[in-house]
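Heads up: the structure comes next, in structure tokens.
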Amino acid sequence: MSQPNAPQGPTDTGIDRASGFTRRSLAAQAMGRIEPETRAVVMPLHVSTTFIRDPDNGYSSGYCYARPDNATVREAEAVLAMLEGAQAGALLFGSGMAAATAVFGALEPGDHVIAGTVMYWALKRWLRAEAPRRGLALTFVDTDDTDALRAAIQPGRTKLLWIETPGNPLWTVTDIAAAAEIAHAAGARLAVDSTAASPVHTRPLELGADIVMHSGTKILNGHSDVVAGVLAGATVDPFWERIRDIRAGSGGILGPFEAYLLMRSLRTLHLRAAAQSAAALKLARGLSAHPHVTRVLYPGLPDDPGHAVALRQMRDGFGFMLSIRVAAGEAGAIATAARVRLWKRATSLGGVESLIEHRASVEGPDSPCPPDLLRLSTGIEDPDDLFGDLDRALCDAHEA
Ligand SMILES: *Cc1c(COP(=O)(O)O)cnc(C)c1O
């Protein structure tokens, strides 16, 4: 596939500044660390929950107990911090939700938060339920509309802008640099849920974001066998330290075995992301011409409303997620999902196996997701097989 969006801007070179190697090379070798005792190229899995004190009563290794910290978790965090260019480092959590909610947990009662109308449904539901209990004021806006985002600021009160780009499940694109400018002018922080972009396609911290969040369950792990979450920070400040304290205090840290699996997956992230994004673009183009599809939502398509911004802030592809709207409506969409054979009819995204889901069945009536929409997560199967399977299901469902 051609790569229409070449690296943009002086900071976005794909090169890790500390080493001079590309992020892809560093990730492939999990930072090139060698275990000193055996010279192993794969680091051991650290499972110990406790550590011996020094004769002088200290803990010179930096480890004393496994809830605040773990060596295997730290190794995976080092890879993630490198991938995101995160000066403050990265923190792994037991799920994406645990990571996201730690950010909101670091706010103070009375703070105002702006979040997107189009965002991960379970987090939106959590915010609606929990924000009032925590004394947080909450405004939902279409964050892809920069003017609406600016207008939602409550001077002196807004402390956090939470954006998700591309935003699930419509894949709307929010201008990260513009959102960062708006947030900072108001003295607020910008946090970006970058799960659907992955650090391969977008690095929000380089565009001015303060915190980037991923569900590690998705393409970072990519094999549908780990639930994990990550935050990466631009600067160590009291807010970041409070998030770290929240993780230690609440016991939200990722388990070492999950961290080990995640690090194994990060070695192939660039290969998987490239293949999955290329397949998604191919599918998006093919489905745009399909008689039983009324619309394809994918920022890689030139007529997509988010395409211009995506060209600026995404590189080496537009991600592995797309949605289609089915001409035969909600019943046709559900019937299509029931008739695929190669696509797997299941929730989640970013795995090596392609998944299809009728999102409105999950999200309910107060979601912006139209009832005729099918969400597609593209894996690493042969894109022609994927297209053929979906084409046949769409045609069968249309005739039924
Ligand atoms: C899955 C997902 C989450 C939540 O992550 P979990 O690991 O399931 O807790 C948050 N944001 C987005 C965009 C997601 O896709």
Side-chain angles (χ1 to χ4, degrees), residues 73 76 80 84 90-105 115-130 140 143-144 160-174 176 191-202 204 209 211-232 246-247 250-255 258-259 261-262 265-266 273 276 280 297 299 306 314 318-323 346-351 354-357 359 362-363 367-369 373 375-379:
V73 170
L80 288 159
E84 290 292 358
L91 291 168
L92 276 166
F93 291 77
S95 69
M97 284 294 288
T101 58
V103 177
F104 296 103
T117 330
V118 180
M119 71 181 284
Y120 181 65
W121 165 83
L123 183 56
K124 195 178 193 182
R125 189 180 55 167
W126 182 89
L127 272 175
R128 280 208 178 106
E130 291 297 324
F140 290 104
T143 57
D144 57 328
L160 182 70
L161 265 61
W162 181 275
I163 64 172
E164 179 180 320
T165 183
N168 188 23
L170 307 180
W171 317 116
T172 44
V173 177
T174 296
I176 298 171
V192 181
D193 182 341
S194 194
T195 301
S198 94
V200 174
H201 302 303
T202 307
I211 292 174
V212 55
M213 172 255 157
H214 292 275
S215 167
T217 318
K218 311 299 168 53
I219 199 167
L220 294 181
N221 184 65
H223 295 75
S224 306
D225 54 8
V226 168
V227 174
V230 62
L231 299 176
I246 287 171
R247 188 187 74 169
S250 66
I253 194 170
L254 187 66
E258 285 74 13
L261 286 176
L262 177 62
S265 293
L266 290 173
Q276 291 178 232
L297 297 96
M314 301 185 84
F318 301 93
F320 47 93
M321 294 306 298
L322 68 154
S323 293
T347 198
S348 199
L349 51 107
S354 295
L355 301 180
I356 187 166
E357 185 174 38
R359 272 312 284 179
V362 178
E363 301 201 0
S367 147
C369 177
L373 179 142
R375 187 178 81 177
L376 307 176
S377 172
T378 315

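Count residues from 1 along the sequence. Fair warning: this is a prediction, and the values are worked out from it, not measured in the lab. Atoms within each ligand, like the ligands themselves, are counted from 1 in listed order.
The distance from the OG atom of S367 to the NZ atom of K124 is 6.5 Å, given to the nearest 0.5 Å. Residue L266 holds its CG atom at 10.5 Å from CD1 of I219, rounded to the nearest 0.5 Å.
Nearest to atom 2 (C) of ligand 1 among the protein's heavy atoms is K218 NZ, 2.5 Å. Ranking protein heavy atoms by distance to atom 9 (O) of ligand 1, first place goes to M97 N, 2.8 Å. Among all non-hydrogen protein atoms, the one lying nearest atom 6 (P) of ligand 1 is G96 N, 3.3 Å. Annotation: atom 7 (O) of ligand 1 to nearest protein heavy atom, T217 OG1, 2.6 Å. What sits closest to atom 8 (O) of ligand 1 on the protein, heavy atoms only, is Y120 OH, 3.9 Å.
The shell of residues lying under 4.0 angstrom from ligand 1, judged by heavy atoms, includes D193. For M213, the heavy-atom gap to ligand 1 drops under 4.0 angstrom. Residue A228 places a heavy atom less than 4.0 Å from ligand 1.
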Test log, rule side chain to side chain donor-acceptor pair (under 3.5 Å), inputs S265 and N221: CA-CA 5 Å; S265 293; N221 184 65; 3.1 Å; yes
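For ligand 1, the atoms closer than 4.0 angstrom to any heavy atom of S95 are 7 (O), 9 (O).
What you find for G116 and T143 is that their closest heavy atoms are CA-CG2, 3.6 Å. In plain terms, the two heavy atoms of L231 and M213 that are nearest each other are CD2-CB, 3.6 Å.
For F318 and W171, the distance between ring centers is not under 6.0 angstrom.
Under the 4.5 Å side-chain criterion, counting only non-hydrogen atoms from C-beta, F320 is in contact with L349.
Checking R359 against N168 by side-chain atom types alone, no donor-acceptor pair falls below 3.5 Å.
Only the side chain of L349 comes within 4.0 Å of ligand 1, judged by heavy-atom distances. Looking at A100 against ligand 1, nothing comes within 4.0 Å, counting heavy atoms. Under 4.0 Å from ligand 1, the heavy atoms of E164 that appear belong solely to its side chain.
Taking only non-hydrogen atoms, the option from S215, S377, A196, A197 nearest to atom 5 (O) of ligand 1 is S215.
Although no hydrogens or angles enter the test, the distance criterion places a donor-acceptor pair under 3.5 Å between the side chain of S95 and the main chain of A98.
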